[in-house]
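Let me begin by presenting the structure, written as structure tokens, before commenting on it.
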Amino acid sequence: MALVNEHFLKLRGNYLFSDIAKKVNAFKITHPEAKLIRLGIGDVTRPLPQACIEAMHKAVDEMADERTFHGYGPEQGYDFLIEAILKNDFAPRGINLSPSEIFISDGAKSDTGNIGELLRWDNSMGITDPVYPVYVDSNIMCGRSGTLGEDGKWSNVTYFPCTEENNFIPSIPNHRVDIIYLCYPNNPTGTTLTHDQLKQWVDYALANSTLIIFDAAYEAYIREPNVPHSIYEIRGAKKVAIEIRSFSKTAGFTGMRCGYTIVPKEVMAYDLNGQRIPLNPLWNRRQCTKFNGTSYVTQRGAEAIYTPEGKKQVKETIDYYMENARIMREGLKDAGFHVYGGINAPYIWLKAPKNLSSWKFFEKLLYEVNIVSTPGVGFGPSGEGYLRLTAFGKKDDCIEAIERIRRWI
Ligand SMILES: *Cc1c(COP(=O)(O)O)cnc(C)c1O
């Protein structure tokens, strides 16, 4: 008899985006003439940079010729891509990493979800709240989260609330937490930590032997100078942090699937005798056993992001989204809303007026101005009373959405 992993049964049935889709479909049936503007999408919409397209066409041609054909590649990724990453993403920031500390992946979601396999199920874990749902859900699946309370919180998860009240700066815990997930720039709030604020988390981790899993999927959107692009800009972070990155939001790779994870040689976890165990060889072993590498064609496409043309094209796309973010942020501010994010991230985090709940505000925007958003509570209990808008849409839609909201209030 095959016994099920009953932790899967604890996962909350309805996924946020399917609930939204249902409500939007119901609206469309009763209002077939309405022109909906979708500001809820978490996916990019601009096509791939031309440099990536050309590199991938070339790579496909190589695959068509037996002299240049590529079969299985290294599980850790090709050296050409790893070298480009080290040279462009880290060396200019004074961060020295070795090629064997970089693991090319099929995206950040897989790695954020899988990295917990290296850690015992009975570690305690902490997350900023609200946050990208994969961190909690992947820990529920292996039984690390405990049980769900009436307040929507899991018993073995420490929540670090990020709200208007603390200016979205999470407080350092006053007790020990074994594993902490940080995502900066943040999805969904679009907020960031300064160098000094992030340093407090690294110092906490060093003092408590905590492992930080740092999700830097939105690193390319950082504009302000005092916002760290990598956790390894903080002294000591290599001992306590794994960093996860993605080309999805950077270069429109959501449909291509490529990212990478940094597991420094110095980063440790502990056995029950308190013996320090390096995680780099364990992750290497895990990848070699369960992952057969990202496709050659995709890695050639990712490499092209780092060419001069690639860099220019990536910047144009990000500038386009960030102009959308500016239009929405400033327009909503002028209209009297409390607005956060949108400066170093493609997300706007909007406080609902008159203490409306997330879902009430979502429905009002849908029915009264025909705008689709994402209810903040879907990202965690502290997201209640907020909405997320994304800058991944079309500029004209962003302008019209703001016009509609202006006329509406
Ligand atoms: C989009 C997103 C990812 C997923 O990236 P993929 O590389 O496409 O899997 C990871 N983390 C955060 C916070 C994201 O918003």
Side-chain angles (χ1 to χ4, degrees), residues 15-17 20 39-46 48-49 52 77 81 85 89 102-116 127-139 160 162 168 170 180-193 198 212-222 227-231 241-262 287 291 293-295 298-299 301-302 305 314 317-318 321-322 325 341-342 344-349 374 376 378-380 383 388-393:
Y15 191 52
L16 174 64
F17 290 96
I20 294 171
L39 300 179
I41 42 168
D43 197 355
V44 297
T45 57
R46 308 289 298 163
L48 291 171
C52 301
L81 180 54
I85 288 168
D89 287 344
I102 309 273
F103 296 85
I104 307 297
S105 69
D106 62 354
K109 187 193 253 187
S110 333
D111 283 8
T112 45
N114 291 330
I115 198 81
I127 49 157
T128 60
D129 172 31
V131 85
Y132 185 57
V134 175
Y135 314 145
V136 173
D137 285 357
S138 60
N139 278 282
F160 310 119
C162 297
F168 301 93
I180 291 177
Y181 292 80
L182 296 177
C183 172
Y184 287 101
N186 188 259
N187 177 10
T189 65
T191 59
T192 51
L193 293 183
L198 185 57
I212 296 176
I213 297 167
F214 190 77
D215 184 342
Y218 296 94
E219 172 275 333
Y221 290 82
I222 295 172
V227 177
H229 287 245
S230 166
I231 196 166
I242 289 172
E243 181 166 300
I244 300 178
R245 293 214 185 179
S246 170
F247 297 113
S248 285
K249 316 305 177 0
T250 304
F253 268 51
T254 52
M256 293 306 312
R257 312 308 308 141
C258 195
Y260 64 91
T261 289
I262 304 142
Q287 291 297 81
F291 183 60
T294 304
S295 84
T298 303
Q299 291 190 63
I305 292 167
V314 163
T317 302
I318 290 180
Y321 294 138
M322 290 309 283
N344 298 296
Y347 295 119
I348 304 285
W349 192 241
T374 311
F379 298 98
R388 189 189 74 174
L389 303 178
T390 83
F392 288 134

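Start at 1 and go down the list; that is how both ligands and their atoms are numbered. On a predicted model such as this, the values are computed, not experimentally measured, just so you know. Worth knowing before you read on, the calculation uses all heavy atoms, side chains too, and leaves out hydrogens, waters and symmetry mates.
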- Query: Does Cys183 come within less than 4.0 angstrom of ligand 1, counting non-hydrogen atoms of the residue?
  - Reply: yes

- Item | Ring centre gap for Tyr218 and Tyr347 strictly below 6.0 Å | yes

- Item | Asp215-Thr112 side chain donor-acceptor pair, cut-off 3.5 Å | no

- Do Lys249 and Pro346 come within less than 4.5 Å of each other through their side chains, counting heavy atoms only? no

- Task: Calculate, to the nearest 0.5 Å, the distance between atoms CZ and CD1 belonging to Arg46 and Ile318 respectively.
- Result: 12.5 Å

- Query: Could an N or O of ligand 1 be found under 3.5 Å from any N or O of Ser110, whether backbone or side chain?
  - Reply: no

- Which residue owns the protein heavy atom closest to atom 4 (C) of ligand 1, what's the atom, and how far is it? Tyr132 OH, 3.4 Å

- Would you call Ile85 and Tyr260 a side-chain contact if the rule is heavy atoms closer than 4.5 Å? yes

- Taken to the nearest 0.5 Å, the spacing of Tyr184 OH from Leu193 CG works out to 4.0 Å

- Query: Polar-atom distance check: Ala217 versus ligand 1, any N or O pair below 3.5 Å?
  - Reply: no

- Message: I need the minimum non-hydrogen distance between Asn344 and Val227, along with the two atoms involved.
- Response: ND2-CG2, 4.0 Å

- Query: In the protein, what heavy atom is nearest to atom 14 (C) of ligand 1, and what distance, to one decimal place, separates them?
  - Reply: Lys249 NZ, 3.2 Å

- Query: If you count the atoms of ligand 1 from 1 in the order shown, which ones are under 4.0 Å from a heavy atom of Lys109?
  - Reply: 4 (C), 6 (P), 9 (O)

- Task: Using a strict 4.0 Å cut-off to heavy atoms of Asp215, name the atoms of ligand 1 that fall inside it.
- Result: 10 (C), 11 (N), 12 (C), 13 (C)

- Task: Select one of side chain, backbone, both or neither to describe which atoms of Phe253 lie under 4.0 Å from any atom of ligand 1, heavy atoms only.
- Result: neither

- Task: For atom 8 (O) of ligand 1, grab the closest protein heavy atom and report residue, atom and distance to one decimal in Å.
- Result: Ser248 OG, 2.6 Å

- Task: Using a strict cut-off of 4.0 Å, indicate which atoms of ligand 1 neighbour a heavy atom of Ser246.
- Result: 5 (O), 6 (P), 7 (O)

- Please report the C-alpha distance between Phe214 and Leu198 in whole Å, then the side-chain angles of each, then the deciding distance to 0.1 Å, and finally whether the side-chain contact (heavy atoms from CB on, under 4.5 Å) criterion is met. CA-CA 11 Å; Phe214 190 77; Leu198 185 57; 3.9 Å; yes

- Message: Distance under 4.0 Å to a non-hydrogen atom of Gly107: what atoms of ligand 1 satisfy this?
- Response: 7 (O), 9 (O)

- Which protein heavy atom lies closest to atom 15 (O) of ligand 1, and at what distance to 0.1 Å? Tyr218 OH, 2.5 Å

